[in-house]
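First up is the structure itself, then whatever we jot down about it.
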Amino acid sequence: MPARLLSIPAVAAALDVDRRTVYRFVAAGDLPVVDLRTGTGRSRIRVPAADLDEFISSRAVIAPRPRR
């Protein structure tokens, strides 16, 4: 089964951030993308859903225990 690919706006919505932030994650190499370029025009990148899930999991933190 082919991987599900998400657009940059969809990734931004899932992370509740601006799309520019998603592009920064991509530029930093933190978020892998697939480039669907169809010619010399603009690049058309997508993020595999599994890689987005892994990205989110890698940044998850455990909430500190409340003080008594």
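- Partners of A50 according to the side-chain contact (heavy atoms from CB on, under 4.5 Å) rule, which considers only residues two or more places apart in sequence or in another chain, do not exist here.
- Applying the side-chain contact (heavy atoms from CB on, under 4.5 Å) rule to A14 yields the partners L52; only residues at least two apart in sequence or on another chain are considered.
- Contact annotation: the side chain of V11 never approaches that of V17 to less than 4.5 Å [non-hydrogen atoms, C-beta and beyond].
- The stretch residues 45-66 participates, sequence neighbours left out, in these salt bridge (Lys or Arg N to Asp or Glu O under 4.0 Å) pairs: D30-R59.
- Residue L36 shares its hydrophobic cluster (ILVMFWY side chains chained together at separations under 4.5 Å) with L5, V34.
- Scanning all heavy atoms of the two residues, the minimum distance from P32 to P48 falls at O-CD, 3.7 Å.
- Distance check: I56 CD1 to L31 CG gives 9.0 Å after rounding to the nearest 0.5 Å.
- Legend: residues meeting side-chain hydrogen bond (donor to acceptor under 3.5 Å, both in side chains) with R24, ordered by chain and number and at least two apart, are T21.
- Among residues two or more places apart in sequence or in another chain, the ring-ring contact (aromatic ring centres under 6.0 Å, His included) test is passed with F55 by F25.
- By the side-chain hydrogen bond (donor to acceptor under 3.5 Å, both in side chains) test, D16 is found to be paired with no residue, residues two or more places apart in sequence or in another chain being considered.
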